[in-house]
Undergrad: 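I have a structure here, written as structure tokens, and I will follow up with some questions on it.
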Amino acid sequence: MMNNGEAIFYIRNNKGYSQRYVAADTMTQGAYSKFEKLNTEIRYSAIGDILSKLEVTHDEFIYIKQGYEHDLRQQMLNNLFSLTYNDKDVLQKLLNDAEKYLKKNEDILIEDLCLVCQSLILLNETKNIALARVPINKVWQRISERNLLFINDIYFVNSILYLFTIETALEIKKFVFRSIEKYKNFRNIERIKVNILINITLLLIKEDRFKEAISEVEHAIVLCKKFSDYKRIAICYIRKGICLNNLEVTKGDEWISKGKNILIAIEEMTILSALEDEINLNKII
């Protein structure tokens, strides 16, 4: 891992920029040179100015500084937030890693991650939503007291949304979408709306509220197409087909076939298997 000065030198040198160019309007070239060579302390705002001159975001800078890797903390969060389905083995490994991390570090966010993993593992093992809700009560209590959700809050809420009752989940959706509006130009955050809508759709299907579920899934399909998110559009197509079949509308099976074919084409067989269970569970007898 490089220190700040070393990382800045590495980037500047590889881009072929002079110290004078990077330091201009921020600090003297002498002060800048000391920063690169000795990692002397400089103002936080000066780091921002330097990164701007180097055309590098703060996140990219941290990533480069750490040897083109996320640190363990960020990697654990990424692993949780990128889960497409409730994979017990992945969740157990993530929980073990997080518990080891907490033995050496005090970290509220990773404590929350542990509680979410525990909830999802319980749900996987017992299929008992009431029991699975117990560990996440603390997480939700902390998040729900805020007037605005921040990025990690939004991702945590998405991870646990389907553990709530449908009415609560619909209210949470409004809360999350208001917060996303604040971040609409930040890292394609609107992608998380797809996950929220997909989770809401599943909750509505479980309650046999198929008309409402179609409304949510149609919204999700529009966003999936916007982001060319084929994996999630396949999930949406299958759930749309389930809803249409239960409303006794024609073409439900066509949508299910479309979704299956996409998953087969992109070789997402584990997700396909999970959705096959969903289809069978919601067949009209």
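Side-chain atoms are counted along with the backbone in the values below, which use heavy atoms only and exclude waters and symmetry mates. These numbers were taken from a predicted model, which means no experiment stands behind them.
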Undergrad: Distance only, no hydrogens: is a donor on one side chain within 3.5 Å (strictly under) of an acceptor on the other, for S18 and R20?
TA: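 There is no such pair between these side chains.
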Undergrad: With hydrophobic residues grouped by side-chain heavy-atom distances under 4.5 Å, do L197 and I262 end up in a single group?
TA: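 Linked, L197 and I262 end up in one cluster.
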Undergrad: With a 3.5 Å cut-off and no angle check, do the side chains of N282 and N246 form a donor-acceptor pair?
TA: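 There is no such pair between these side chains.
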Undergrad: Taking E167 first and then R209, would you say they form a salt bridge - that is, a charged N and a carboxylate O separated by under 4.0 Å?
TA: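 Yes, this pair counts.
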Undergrad: In chain order, what residues pass the side chain to side chain contact (heavy atoms under 4.5 Å, CB included) check against T40, with sequence neighbours excluded?
TA: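 So T40 forms a side chain to side chain contact (heavy atoms under 4.5 Å, CB included) with K34, F35, L38.
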Undergrad: List the atom of C236, the atom of V217, and the distance in Å for their closest heavy-atom pair.
TA: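 C236 and V217 have their closest heavy atoms at O-CG2, 3.4 Å.
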Undergrad: Report the residues that fulfil side chain to side chain contact (heavy atoms under 4.5 Å, CB included) with E36, sequence neighbours left out, ordered by chain and then residue number.
TA: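 Partners of E36 under the side chain to side chain contact (heavy atoms under 4.5 Å, CB included) test: I8, F9, R12, Q19, Y32.
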Undergrad: Which word best sums up how the rings of Y17 and Y21 line up, parallel for under 30°, tilted for 30 to 60°, or perpendicular for over 60°?
TA: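 Perpendicular: the ring planes of Y17 and Y21 meet at over 60°.
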Undergrad: Compute the ring centroids of W140 and F156, then answer whether they are less than 6.0 Å apart.
TA: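 Judged by ring-centre distance (under 6.0 Å), W140 and F156 do not meet the cut-off.
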Undergrad: Regarding N137 and Q141, do their side chains bring together a donor and an acceptor under 3.5 Å, going by distance alone?
TA: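 There is no such pair (donor and acceptor under 3.5 Å, judged by atom type) between the side chains of N137 and Q141.
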Undergrad: For residues 270-279, which residue pairs qualify under side-chain hydrogen bond (donor to acceptor under 3.5 Å, both in side chains), counting only residues two or more places apart or in two chains?
TA: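 For residues 270-279, and leaving out neighbouring residues, the side-chain hydrogen bond (donor to acceptor under 3.5 Å, both in side chains) pairs sorted by first residue read R239-E278, K260-E276.
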Undergrad: Mind checking what makes ring pair (Phe, Tyr, Trp, His ring centres under 6.0 Å) contact with Y162, not counting sequence neighbours?
TA: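 Y162: no ring pair (Phe, Tyr, Trp, His ring centres under 6.0 Å) contacts found.
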Undergrad: Can you list every ring pair (Phe, Tyr, Trp, His ring centres under 6.0 Å) pair that touches residues 208-244, not counting sequence neighbours?
TA: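 Matches after skipping sequence neighbours: Y237-W255.
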Undergrad: Determine whether the side chains of N195 and R232 contain a donor N or O and an acceptor N or O closer than 3.5 Å.
TA: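 Looking only at side-chain atoms, R232 and N195 do form a donor-acceptor pair, the distance falling under 3.5 Å.
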Undergrad: For residues Y10 and M2, report the shortest heavy-atom separation together with the two atoms involved.
TA: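 Closest approach of Y10 to M2: CB-SD, 4.1 Å.
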Undergrad: Among pairs that include at least one residue of residues 87-96, which meet side-chain hydrogen bond (donor to acceptor under 3.5 Å, both in side chains), considering only residues two or more places apart or in two chains?
TA: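 As it turns out, the side-chain hydrogen bond (donor to acceptor under 3.5 Å, both in side chains) pairs with a partner in residues 87-96, which skip direct neighbours, are Y85-D87, K88-E125, Q92-N96, K93-D97.
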